[in-house]
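These notes are about the structure you will find just below.
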Protein chains: 2
Amino acid sequence: MANTSNFLAKNKSVILYGVFLAALLFLLKWLELRFIIINHAFEIYAGSIAVIFTALGIWLALKLTRPKTILIEKDVFTGKPEAFILNEKELTKLNISKRELEVLQLMSVGLSNQEIALKLFVSLNTIKTHNARLFGKLEVKRRTQAIETAKRLCIIP
Amino acid sequence: MANTSNFLAKNKSVILYGVFLAALLFLLKWLELRFIIINHAFEIYAGSIAVIFTALGIWLALKLTRPKTILIEKDVFTGKPEAFILNEKELTKLNISKRELEVLQLMSVGLSNQEIALKLFVSLNTIKTHNARLFGKLEVKRRTQAIETAKRLCIIP
DNA sequence: TTAACCCTCATACTTTAGGGTGATTTTTCA
DNA sequence: TGAAAAATCACCCTAAAGTATGAGGGTTAA
């Protein structure tokens with residue numbers, strides 16, 4: 001049962017076309033009976049049929065090929081420059097201070113402790129202290145781990 | 001001149017259709033003259049016209065609507081689990097070997113040289129050697145820089 | 001088969017990173 | 001205002017990372 005209704009639904013256009021064609025033939029037959037007497041009306045008749053059925057063909061083709069849209073998948077935003085959204089919840093949860101975050105960021109781009117110290121105008125020992133606290137809060141042992149974890153938690157880009 | 005040829009090229013299908021239609025009408029006219037004497041041949045004639053021109057209409061519609069492709073933008077997943085595509089070009093350009101890449105990957109997840117050595121069943125010195133070459137090829141001085149650069153170049157995820 | 005890599009390992013040395021402890025100053029907030 | 005938190009710095013020590021050099025074995029392609 002479901003199959004039958006499904007078939008009808010799917011071929012609605014075809015069936016409609018068939019019915020329309022039959023109706024048209026009847027109409028033409030009637031026209032034939034009426035105007036067969038008129039001389040040279042035959043050309044008009046044939047032309048009419050041609051035009052009408054061409055139109056029908058076009059309509060049919062358009063109906064049947066309606067979903068003729070070539071689907072082109074376009075990956076928007078494939079690249080790296082992903083928008084970074086700082087995970088402030090994690091930041092407060094881990095109780096990481098501004099300065100510590102600053103050190104962490106500089107660390108993540110590959111700077112040494114000495115370079116970070118110079119950049120932040122503090123001593124090397126200060127950076128080491130920041131690091132120690134940072135590692136404790138992030139529960140890691142090395143700076144590379146700290147970077148990995150921080151990136152995973154969206155604390156740094 | 002250019003406009004004319006351009007017009008001809010663009011409307012080739014339409015012109016072809018017109019010519020074909022004219023030829024067909026001539027053919028039908030000829031058929032009419034030959035078989036008009038036969039009784040009830042008219043129905044066959046009309047049917048033929050209907051079928052032929054329906055087919056023509058379908059063909060025409062398909063021809064004219066072929067380049068009508070609708071572009072559908074589809075962004076595939078915006079979230080974090082971004083598919084990593086290894087940049088093999090950069091890899092070959094930098095002349096980084098398989099083993100070096102392996103070390104680089106383990107390095108990037110925060111492992112120490114000793115841990116990498118244990119994981120790869122080689123000595124610590126071997127890892128150090130790999131590192132030295134890696135740093136040379138990536139033109140960096142530290143492992144954190146190496147990780148940063150490698151990620152930027154899509155050599156590691 | 002030779003040259004060119006690649007992977008391996010070693011030794012020796014320097015530099016950097018990290019741990020532990022303690023202390024001072026500044027900021028912040030209740 | 002007074003305590004907590006944050007930021008600063010020092011010293012000592014160990015661990016890890018990084019540099020330099022040499023060298024042996026395996027694979028591969030000219």
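First the proteins, then the strands, lettered A, B, ... as listed; each starts at 1. Below, each value reflects all heavy atoms present in this structure, side chains not excepted, and no hydrogens, waters or symmetry copies.
The CG atom of B:N113 lies 9.0 Å from the CZ atom of A:R142; values are rounded to the nearest 0.5 Å. Here the straight-line distance linking atom CD of A:E100 with atom OG1 of A:T129 works out to 10.5 Å at 0.5 Å rounding. A distance of 6.5 Å separates CD1 in A:I116 from CG in A:N131, rounded to the nearest 0.5 Å.
Among the heavy atoms of the strands lying under 4.0 Å from B:S97 are primed sugar atoms or P, OP1, OP2 only; no base atom is included. Note on A:T126: a base of the nucleic acid sits closer than 4.0 angstrom, heavy atoms only. Looking at heavy-atom distances under 4.0 Å, B:N113 makes contact with sugar-phosphate atoms alone, never a base.
Side-chain N/O atoms of A:N131 include none lying less than 4.0 angstrom from OP1 or OP2 on C:dG19. A close approach under 4.0 Å does occur between a side-chain nitrogen or oxygen of A:R143 and OP1 or OP2 of C:dG18. Between D:dA7 and A:H130, no contact under 4.0 Å exists linking OP1 or OP2 to a side-chain N or O.
Judged by distance alone, the side chain of B:S112 and the main-chain N or O of B:E115 form a donor-acceptor pair under 3.5 Å. Although no hydrogens or angles enter the test, the distance criterion places no donor-acceptor pair under 3.5 Å between the side chain of B:K151 and the main chain of B:I156.
Atom CD in A:Q145 sits roughly 16 Å away from atom P in C:dA17 (whole-Å rounding). One atom, CG of B:L120, and another, P of C:dC9, lie 10 Å apart when rounded to the nearest Å. Distance, A:F121 CZ to D:dA7 C1': 17 Å, rounded to whole Å. A:N95 has its CG atom 15 Å from the P atom of C:dT28, to the nearest Å. Atom NZ in B:K128 sits about 14 Å away from atom P in C:dT15, given to the nearest Å. The distance between atom CG of A:L104 and atom P of C:dG18, rounded to the nearest whole Å, is 12 Å. The distance from atom CD1 of A:I96 to atom P of D:dA5 is 16 Å, rounded to the nearest whole Å. Taking atom NZ of residue A:K141 and atom C1' of nucleotide D:dA17, one finds them 17 Å apart after rounding to whole Å.
Comparing atom distances between the B:R133 side chain and each of C:dT8, C:dA17, D:dA6 picks out C:dT8 as nearest. Proximity note for B:S123 (side chain, C-beta onward) versus C:dA17, C:dA10, D:dT19: the nearest is C:dA10. Side-chain proximity of B:R99 to the nucleotides D:dG18, D:dC9, C:dT8 is greatest for C:dT8. Of the candidates D:dA17, C:dG18, C:dT11, the closest approach to any side-chain atom of B:N125 belongs to C:dT11.
Mapping A:K137 and A:L124 onto DNA chain D by nearest heavy atom places A:K137 at the nucleotide closer to the 5' end.
Interface remark: the A:T129 side chain does form a donor-acceptor pair with the D:dC9 base, using a distance-only criterion of under 3.5 Å.
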